[in-house]
Amino acid sequence: MPDRPEQPGQVSELVDHLFRQQAGKMVSVLSRILGFQNIGTAEEIVQETLLSALQVWSFRGVPPNPGGWLMVAARNRAIDHIRRERSRLKVAEDLRLKLRSEWTLSTTVDREFEQSRISDHLLRMIFTCCDPRLRPEDQVALTLKFPGAFSVPEIAAALLCEEETVRKRLYRARQKLREDRGALQMPPDPELGARLDSALQVVYLIFNEGYKSAEGESLIRAELCEEAMRLASLLAEHPSCAQPKTFALLALMCFQAARLSTRTYENGSIRQLEEQDRAGWDADLISRGFHFMDLSASGTELTRYHVEAAIASCHCGASSFEETDWRTIVTLYGRLLSIYDTPVVRLNRAIAIGFAEGAQAAVRELDRIQRDGGLARYYLLHASLGEFTMRAGDFASATAHFEKAAKMCKSPAEKEFLLGRIARCSA
Amino acid sequence: MNRYMLILWGGGARTAKMSPQEIQEHMKHWNTWMESLSKKGIWDGGEPLGAEARLVKGAGKPVTDGPYTEAKEAVSGYVILKADSMEKACDISKDCPLFEIDGIVEVRPIRTM
């Protein structure tokens, strides 16, 4: 512990989200030691550690290595806890004997807290939470809760659902994981591939949750994008997960995030791609995107992340909307359909066709999608039909489509945009 | 100038439920407040206190836990301030971040000769 300064407030500025990031690490190390079944205890130890930092640092200022301080404090609390509860505590099976003896207790705990092992523990935690046997929404909640260190209210705010729903998902997932004893193990090699796929999917779900309505309505949702990118970086840094598809997902998220701040007007309403100020796109993120795209271009596996990153790179690489290479984008959407065929991908392809070949071609494609019926309740289908019938000069149908879309869409910002379109059709 | 002790009561029930992010944001307010005291030159010491508490009632008598029934409501620390008057000391206390977490500040003058 450093000496007390004569005056308080010799504050070194804390990195944003340091507590959240350290909490994710601490809970991963502690539940490695105590076993996943004791993750509740691990969380309590983390909370006590953060609160002791709050109290001490408030008076004495932030220490020079705050992350290290927290780790040491958590380690000490863990040892105290194991000593106190030794007879009752059921710790991780392979460490049981070592933690029981006073001779080996502290060296065993120290070993798990070694810097080089912390990222392994964190990765194990991510893989445990992204267990493909769990429902995707449960995997998302669990990943935000443990490696992410979001609280239940924060998860609920970020996912726009009730706290009770989040609690249920976490409870269900933990019950399921408790059933098997292999939890918090690194998946064995043959399973690692499947598990990595699942982890990448969870990361992308988290990113999309943040991306789809980062309309400035709440900061916490924008933080989801940041958290997803952080998790993906953790995966990319680990030798077993530094695969082309991991880099492809990182590239995709960089390209998308680069455009995040220009997607809305100051009042929160939607700004279409055509109207976005490209000078406001984050050049640093775009160049990181291209860097990761280079890293993703090896091996034989072509994932949806590869193709989606390539599409996003076409947008980021175009200096204006007019110069966008829509023909390439249409081709890429075609390739995406061959590995990931969903109505939404079809819709996006139809929109790209509209910009490449004209409004009539888009309307033909969109009509076909509408006949298939998969997106009947999806407001963006009707909004797109409105947009391209309007561009084709059929204002009466356009108005009808926009009205249908406005009725279905939930976001006030998007509704306002649609009402603006209706007004334009009758002008 | 007179000296006053600000005794910081409670707040633990709220912080126990805070997320890591909220704890970090809350701490920023403490750092800002403490820094402002020191910039104004009125800080004269202070320490955080652990939650553990024992009551010693004399030799031969048992040492007991206490006096708090709930550790979360314990005194979490104290600050010594230089101020012209009790009123000034109370005014300065009003900006203490402890109120964000439902705590209370007890202001006591330190007696001089």
Side-chain angles (χ1 to χ4, degrees), chain A residues 1 4-27 43-44 46-62 66-67 70 74 80 144-158 163 219-220 223 226-227, chain B residues 5-52 71-82 92 95-101 103 105:
Chain A
M1 206 71 64
R4 182 173 68 93
E6 280 308 301
Q7 299 284 311
Q10 317 296 332
V11 184
S12 53
E13 197 55 34
L14 275 185
V15 179
D16 277 349
H17 308 312
L18 178 87
F19 274 31
R20 182 182 278 167
Q21 290 171 14
Q22 292 300 110
K25 288 181 188 167
M26 290 189 279
V27 91
E43 284 192 286
E44 281 166 27
V46 170
Q47 187 73 2
E48 286 170 16
T49 302
L50 295 177
L51 291 179
S52 70
L54 167 66
Q55 209 194 357
V56 176
W57 300 1
S58 293
F59 280 83
R60 301 190 176 159
V62 177
L70 290 171
D80 285 349
L144 287 174
K145 183 78 172 78
F146 296 119
F150 282 62
S151 67
V152 170
E154 284 169 346
I155 298 172
E163 287 180 25
L219 191 61
I220 185 98
E223 283 179 14
E226 219 176 292
E227 178 62 19
Chain B
M5 179 182 274
L6 315 186
I7 304 168
L8 311 177
W9 289 87
R14 280 284 296 279
T15 54
K17 292 201 177 114
M18 279 184 172
S19 71
Q21 182 64 21
E22 288 165 337
I23 296 173
Q24 183 169 347
E25 278 158 19
H26 181 59
M27 193 174 66
K28 228 185 248 169
H29 303 166
W30 279 98
N31 289 140
T32 310
W33 186 65
M34 294 273 190
E35 208 170 15
S36 77
L37 301 182
S38 124
K39 272 191 191 139
K40 285 182 202 148
I42 57 176
W43 162 271
D44 199 26
E47 295 285 357
L49 299 176
E52 204 179 5
K72 285 169 179 153
E73 299 318 315
V75 169
S76 62
Y78 69 89
V79 171
I80 296 173
L81 276 189
K82 290 183 266 188
I92 294 159
D95 297 325
C96 180
L98 187 59
F99 303 117
E100 295 168 18
I101 50 172
V105 178

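The figures here come from the full heavy-atom set of this structure, side chains too, leaving out hydrogens, waters and symmetry mates. Residue numbering restarts at 1 for every chain, and letters A, B, ... go by the order of the sequence lines.
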Note to self: Restricting to non-hydrogen atoms, name the atom on A:Q55 and the atom on B:P48 that form the minimum distance, rounded to 0.1 Å.
What the structure shows: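 Taking A:Q55 first and B:P48 second, the nearest heavy atoms are O-CB, 3.8 Å.
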Notebook entry, point to check: A:F59 and B:Y78: which non-hydrogen atoms are nearest, and at how many Å?
Noted result: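 Closest pair (atom of A:F59, atom of B:Y78, distance): CE2-O, 3.2 Å.
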Next item on the list: Evaluate the criterion side chain to side chain contact (heavy atoms under 4.5 Å, CB included) for residue pair B:Q24 and A:L54; output intermediate values, then yes/no.
Entry: CA-CA 7 Å; B:Q24 183 169 347; A:L54 167 66; over 6 Å; no
Checklist line | Check: B:P20 and A:Q22 side chains under 4.5 Å, non-hydrogen atoms | finding: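 SC-SC contact between A:Q22 and B:P20 ruled out.
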Item checked: Any side-chain heavy-atom pair of B:M18 and A:L51 under 4.5 Å ->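 No, side chains not in contact.
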Check: For B:S19, which residues count as a side-chain contact (heavy atoms from CB on, under 4.5 Å) partner, sequence neighbours excluded?
Finding: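 Only A:S151, A:E154, B:Q21, B:E22 meet the side-chain contact (heavy atoms from CB on, under 4.5 Å) criterion with B:S19.
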Next item on the list: Identify, with sequence neighbours excluded, every residue that meets side-chain contact (heavy atoms from CB on, under 4.5 Å) alongside A:A74.
Entry: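 In terms of side-chain contact (heavy atoms from CB on, under 4.5 Å), with neighbours along the sequence ignored, A:A74 is linked to A:M26, A:T49, A:F113.
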Notebook entry, point to check: In Å and rounded to the nearest 0.5 Å, what is the CD to CD1 distance from A:Q47 to B:I23?
Noted result: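 Atom-to-atom, A:Q47:CD and B:I23:CD1 are 4.0 Å apart.
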Item checked: Most contacts with chain A, counted as non-hydrogen pairs under 4.5 angstrom, among B:E25, B:H26, B:M27 ->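 Among B:E25, B:H26, B:M27, the one with the most close pairs to chain A is B:M27.
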Check: Using a cut-off of under 4.5 Å for heavy-atom pairs, which of B:A16, B:G77, B:G11, B:G12 has the most such pairs with chain A?
Finding: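 Top option by heavy-atom pairs under 4.5 Å: B:A16.
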Notebook entry, point to check: Given a strict heavy-atom distance threshold of 4.5 Å, which part of A:A23 is in contact with chain B: side chain, backbone, both, or neither?
Noted result: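 When you check distances to chain B, only side chain atoms of A:A23 fall under 4.5 Å.
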Item checked: Main-chain N/O of A:V62 paired to B:N31 side chain as donor or acceptor, under 3.5 Å ->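 Looks like no, no N/O pair under 3.5 Å.
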